[in-house]
Novice: 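One structure is given below, represented as C-alpha cells, and several questions about it will come after.
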Amino acid sequence: MFGSSSRRTQRLTLCFCSSTAGLWFIMSISHVLALLALLLPWGRCQFDVCRSLRGSKAGPEFYACQPPPTNMKEVMQIRVDPPGITCGNPPERFCTLENPYLCSDECDASSPDLSHPPQLMGDRERGGLITYWQTITWSRFPEPLLANITLTWNKSLEVVDDIVVTFEYGRPTSMVLEKSIDKGVTWQPYQYYADDCLEAFGMSPKRVTDLAPSNITRVICTEQYSRWEEKSVVFEVRARFGVFAGPKLINMDALYTRMETTKGLRDFFTFTNLRLRLLRPALGGTYVQRDNLLKYFYAISNIDVFARCKCNLHASQCALRDATLQCECDHNTAGQDCQSCSREFTSRTWRPGSYLPLPKGTANAYCECNGHSNRCSYIDFINVVTCVSCKHNTRGQNCQYCRLGYYQNASLPLTDENVCVECECHADGSVSPRCSDSGLCQCKDGATGRRCDSCLPGYTWRGGGVANVCDGERLVCRNGGTCVDFLRCVCPENFTGKHSSGDSRSLQEQNCLNPPLPPPRPLHPVLSTLSSPSCPLNNKGLSYLLFPLLLWGSRTL
Ligand SMILES: [Ca+2]
C-alpha cells in the first residue's frame, strides 16, 4: 500500500493541497520526510489513509482523503439549447446596452474572428482577449428568448468554491441554475436569480447570509446578481461554508463535522451536471424597447466551477480516462466514485470515508478463504477479518485448516475441494475422532490400523480390540481344554478354570466355578465361524448378539 517513499510524498502533498480554503500550510520536503519516518510503521496496515500535517502544532493528524480541487471548466462538455440559439448562422448584427445606437458589431459563425461558439465559455483566454459565446438577438419579441447551457462531467463532483458565470453585455434579468446528481436524468433547481424574485418566480428574495445552519441547503431566489451593469453571477459556496466555518473559513472542522452529521449537506454540494436556464436577457434597466431588439441577447465569456471529484473520501487523486473522470480509489474500494468495495474485499459493508477526526471509511480487508468460502466477517474489537461458513470440511480464519475429524491431503493444493479427507477413526478402536496430519488415528489398546479398525495380534474385536483369553498360538487351553471364541477354555472333565489348569488357587483368582464344566462338544457351525482369529469388524454386531448365546451354549450343550 505504501509503495514507495516518493509515492507517499506525492500523496501527502496532494492531500495537503486539497484543503478547501488554504488552511493547511505548505509542508517542506523535510517535513514530509520526517512525517514519513513517523508513519512508516503504519505502512503495512491495511487501513490505508491519507495523512497530512495540519495548520496547528498538534503534529501529524489524519486528514480526509479526497482529490485536490480543480477548475472543472477544463474538462466540462458544453451543450446549448435550443438548436440555432447561437448567433452567426445566418450572420447577424447586434447592438449593446451601453451604446444601443452603435450597432456595428456582427456575429458570423463562418468567420473565426466573428463567431461566438459555446466552447468560448470554457476556454483559456490568453493575452487579455475576452472570448465569449453569444446568442441570437431577441428579434422575435415578445416570444421569450430562452437558452439552456448544459455543463456535463458525468462524474459526481463536489463544489468547493463559488461557481461564477461571467456575462458579457449584461447579466440576465432572470435565470435558474440547476443541477443533476444522476448524470442528467433528473434535474433540480440550485438557485434562482432575478431582478424581481417575486415577479419572476413567486419567491421572496433571500441572500445566503440570511440562511441559518438548519436551512443552509434551502434553494433560494436572489436578487443580488441580476442588475445588468455587472458581469458575474455567483452561486455562493464559500458563504454557505462560512455559516459553519466562520466568515474566514477558519473553523473547517466545524464544517466537516456538519458534513458528517447533517443529512443532505454533503449531497447539497454534489452534482454531476449543471444547467443554466436563461429566461430573460438583460434589459438595461428599462422595459423592453421594441424598436431596438438587437441589443437583447445573452453572452457568456467564462464559467468557473471549482470542484473536486467526489470519491467518497476513498481517493486522493482523480484522473481523466477515456475522456471520463475516474477516482483512483484507495481503501480497497472501486467504482468511478469509489462507491463500492473491490472484488473479494467483502468482509465489511461499504461506507463512505469520513472527514474528521479519524477516517473511519471502508478500510476493507481481503477476504482470503482459499476458495472454500466467499464470505468474511469483520470482528471489530479484535480487528480481525475471518472467513464465514468454510465449506469442503475446512475451518479457520482463512479456511486453511481441516475440520475436526478430517486431515489434509498433502498431495493436493489447499484450494482443492477434496483437500480435507475424513479421518474415519473407528469409534470403538480410536481414542478420539481426530487423526494426525497424515491421517493416523490414535488407537486404543489392542486396536491398530490407520483407522484403528483392526486388532493387534492376540486381540479379538469385540467393540474394540479385546485381549484374547486363549487362542491356538499363544494361549493354548491346557489339559485338553478347547478354546471357544478366544474367550474361554472349555475344560475337559475334572478340570476347571479359565485355562483348565485345575489349580484351586487359580480357580478362585480366575473366578472359575465348581462344579467343573461338562466336557466340550463340537461347536455349533455358526459359533465355529465366530472363532476365526481374524478381526471381522463387520461381524461386530453379530458378535454382540451371539456372545451370550455362546456362553449359554457352552454351558448347556
Ligand atoms: Ca472565454
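What you are looking at is a predicted structure, and each value in this text was computed from that prediction instead of being measured. Residue numbers count from 1 along this sequence. Atoms within a ligand are numbered from 1 in the order they appear, just like the ligands themselves.
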Novice: Indicate the atoms forming the closest heavy-atom contact of Val160 with Val237, along with that distance.
Specialist: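 Taking Val160 first and Val237 second, the nearest heavy atoms are C-CG1, 3.9 Å.
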
Novice: Is it true that, when you exclude Gln224 itself, more than 12 heavy atoms of the residues, nucleotides or ligands shown sit nearer than 6.0 Å to its CD?
Specialist: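 Counting neighbours around CD of Gln224, more than 12 heavy atoms of other residues, nucleotides or ligands fall under 6.0 Å, so yes.
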
Novice: Step through the shown structure and confirm whether more than 12 heavy atoms of other residues, nucleotides or ligands are within 6.0 Å of CG on Asp322.
Specialist: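 12 or below, so no.
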
Novice: Classify the ring geometry between Tyr132 and His116 as parallel (under 30°), tilted (30 to 60°) or perpendicular (over 60°).
Specialist: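 Judged by the thresholds at 30° and 60°, the geometry between Tyr132 and His116 is parallel.
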
Novice: What protein N, O or S atoms come within a distance below 3.0 Å of the Ca ion (ligand 1), ordered by chain and number?
Specialist: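 For the Ca ion (ligand 1), the protein N, O and S atoms that sit under 3.0 Å away are Leu120 O, Asp123 OD1, Glu125 OE2, Thr131 O, Thr131 OG1, Ser301 O.
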
Novice: Do the side-chain sulfurs (SG) of Cys387 and Cys399 come closer than 2.5 Å?
Specialist: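 No disulfide here.
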
Novice: Kindly confirm or rule out an SG-SG distance below 2.5 Å between Cys311 and Cys318.
Specialist: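 Cys311 does not pair with Cys318 as a disulfide (SG atoms not under 2.5 Å apart), so no.
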
